[in-house]
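Below is one structure, written out as structure tokens; the observations come after it.
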Amino acid sequence: MRVLITGGAGFVGSHLAERLLARGDEVYIIDDLSTGSVENIQHLKGNSNFHYHLDSVTNTRLTAELVDLCDIVYHLAAAVGVRLIVESPVKTIETNIRGTEVVLELAAKKRKRVLLTSTSEVYGKLERIPFREDDDLVMGATHKGRWSYACSKAIDEFLAIAYWKEKRVPTVIARLFNTVGPRQTGRYGMVVPNFVRQAITGRDLTVFGDGRQSRCFTHVSDAVGALIGLAEHPSAVGEVYNVGSTEEVTILALAERVRELAGSESEIRTVPYEEAYEEGFEDMQRRVPDLTKIGRLIGYEPKRGLDEILASVIEYERARMPQDADFAPS
Ligand code: UDP
């Protein structure tokens, strides 16, 4: 099969490319390196089935060519990371909405199948746990920057569903819950790479808020398996699926576990949200997916637990520490 991965040099995209190449697919990626990195795909460059273009999906001429070549488009290109969203809201909104418009418009010309990665962030401040795909989305006020990400991805979802309903473009939506693993950068605020780097360099682990908020972390290899299963299943078309894990951990407990597994002497320090992000920042207390729908369709069940996930990130970060600029003392 020939596939196009937008955002293919990103954290999830590069793992997806690797998995598809391993089973013999021909993989094309397009990535403007805004949050992705060449380092993520370095090891794939020798594979004759791998083709990469360092460009934006909004380069419609190039994206049109690539969409035409491929059987399935995995649309992963997006602005992600709470820190990036709070600091660059214009870029977040524009990248997410424009990029998706271009991909869907081009896919529509030849009715190519599109898997759109969305996010658990779209559930917003919903408090009823676990989150089901047909639950209401509960957004905060528009002057609170965080919600622009949720809204931009919600618009992407509306667009994907509209293209299916109105133009019969086969689209599938995957809402990724906190996905982690090797190659995820801590630069845009994600907690696991941040804690791991802090632990192995002996710096304080910075827990935002009181640390009683919780999350469920999924290993990227489980997430990638789910994306492929959904993209290729005929009955997934026009539907939304949660992709995640139900193993819930508070952020404070996460910090303690990272410190323990890394054998670190670092202190754990709490940082108020307004200091970590911006005045009036709103966080979600809990975020747990209901996995019934995806389980029924493709038999999805995450295989890797929290300790295994953290061990894989610790090993990866230790190995790259010396050559990584992010580790340089600030
Ligand atoms: N967080 C933290 N310390 C950090 C980075 C994040 O305590 O250095 C917290 C963050 O406030 C949130 C949780 O960890 O409650 C998960 O954050 P992340 O940005 O990884 O994902 P989110 O679930 O917010 O999209």
Side-chain angles (χ1 to χ4, degrees), residues 1-22 25-81 83-85 88 91-107 112-119 149 152-153 156 160 174 176 179-190 193 220-221 223-224 227-228 231 316 320 324-326:
M1 197 176 294
R2 279 181 170 170
V3 305
L4 169 62
I5 306 173
T6 72
F11 158 56
V12 179
S14 64
H15 282 278
L16 177 61
E18 201 174 294
R19 180 78 62 88
L20 293 169
L21 285 166
D25 286 353
E26 189 150 8
V27 175
Y28 292 78
I29 72 156
I30 179 163
D31 198 304
D32 66 0
L33 301 184
S34 53
T35 56
S37 128
V38 174
E39 194 193 336
N40 289 341
I41 52 166
Q42 206 65 43
H43 62 298
L44 305 178
K45 284 186 183 170
N47 189 321
S48 58
N49 281 333
F50 181 66
H51 316 274
Y52 69 99
H53 297 269
L54 302 182
D55 211 325
S56 163
V57 287
T58 55
N59 176 348
T60 42
R61 196 182 296 173
L62 174 62
T63 306
E65 250 177 62
L66 297 174
V67 168
D68 282 0
L69 272 176
C70 294
D71 309 300
I72 295 188
V73 181
Y74 289 89
H75 179 44
L76 275 60
V80 288
R83 185 170 303 284
L84 178 70
I85 285 139
S88 315
K91 192 173 166 203
T92 301
I93 299 165
E94 289 186 352
T95 306
N96 291 355
I97 297 178
R98 241 183 237 160
T100 301
E101 272 172 353
V102 168
V103 167
L104 289 171
E105 210 174 294
L106 296 171
K112 293 292 170 78
R113 187 179 273 250
V114 179
L115 177 124
L116 169 83
T117 49
S118 183
T119 165
Y149 175 55
S152 67
K153 293 305 288 186
D156 285 355
L176 293 176
T179 306
V180 297
R183 287 186 218 144
Q184 184 175 41
T185 170
R187 217 168 292 151
Y188 307 109
M190 276 81 159
V220 63
S221 64
V224 155
L227 296 183
I228 298 170
Y316 172 78
R320 73 196 287 269
D324 185 352
D326 286 357

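Predicted model, so just to flag it, every value in this text is computed and none were measured.
Looking only at side-chain heavy atoms (C-beta outward), Asp156 and Ile97 come within less than 4.5 Å of each other. Under the 4.5 Å side-chain criterion, counting only non-hydrogen atoms from C-beta, Val103 is in contact with Val73. The side-chain heavy atoms of Thr119 and Tyr149, taken from C-beta on, include a pair separated by under 4.5 Å. With contacts defined as side-chain heavy-atom distances shorter than 4.5 Å, the pair Val3/Tyr74 qualifies. Contact of the Arg113 side chain with the Leu115 side chain is not registered, since no non-hydrogen atoms from C-beta on lie closer than 4.5 Å. Residues Val220 and Phe11 have side chains in contact (heavy-atom distance under 4.5 Å, counting atoms from C-beta outward).
With values rounded to the nearest 0.5 angstrom, Leu33 atom CG is found 7.0 Å from Ile41 atom CD1. For the atom pair OG of Ser48 and CD of Glu26, the computed distance is 8.0 Å after rounding to the nearest 0.5 Å. Residue Thr92 holds its OG1 atom at 5.0 Å from CG of Leu84, rounded to the nearest 0.5 Å. Here Leu4 contributes atom CG and Thr63 contributes atom OG1; the two are 7.5 Å apart, rounded to the nearest 0.5 Å. A distance of 5.0 Å separates NZ of Lys153 from OG1 of Thr100, quoted to the nearest 0.5 Å. Within the model, atoms OG of Ser152 and CD of Glu94 stand 11.0 Å from one another, a figure rounded to the nearest 0.5 Å.
Atom OH of Tyr316 sits in a crowded spot, with more than 12 heavy atoms from other residues, nucleotides or ligands closer than 6.0 Å.
In this structure, the side chain of Thr6 engages the main chain of Leu76 through a donor-acceptor pair within 3.5 Å. Side-chain N or O atoms of Asp25 include none that pairs as donor or acceptor with a backbone N or O of Val27 at under 3.5 Å. With hydrogens and angles ignored, the 3.5 Å screen pairs a side-chain donor or acceptor of His15 with a backbone N or O of Pro182.
Across all non-hydrogen atoms, the minimal contact from Gln184 to Thr179 is NE2-O, 3.2 Å. Residue Asn47 comes nearest to Asn49 through the heavy atom pair OD1-N, 2.8 Å, listed as atom of the first residue, atom of the second, then distance. Across Ala79 and Thr95, no two heavy atoms sit closer than the pair N-CG2, 4.0 Å. Here the closest heavy-atom approach between residue Ala223 and residue Leu176 is recorded as CB-CD2, 4.2 Å. Across every non-hydrogen atom of Leu66 and Ile30, the tightest pair is CD1-CB, 4.1 Å.
The closest side-chain donor-acceptor pair between Ser14 and Asn40, if any, does not fall under 3.5 angstrom.
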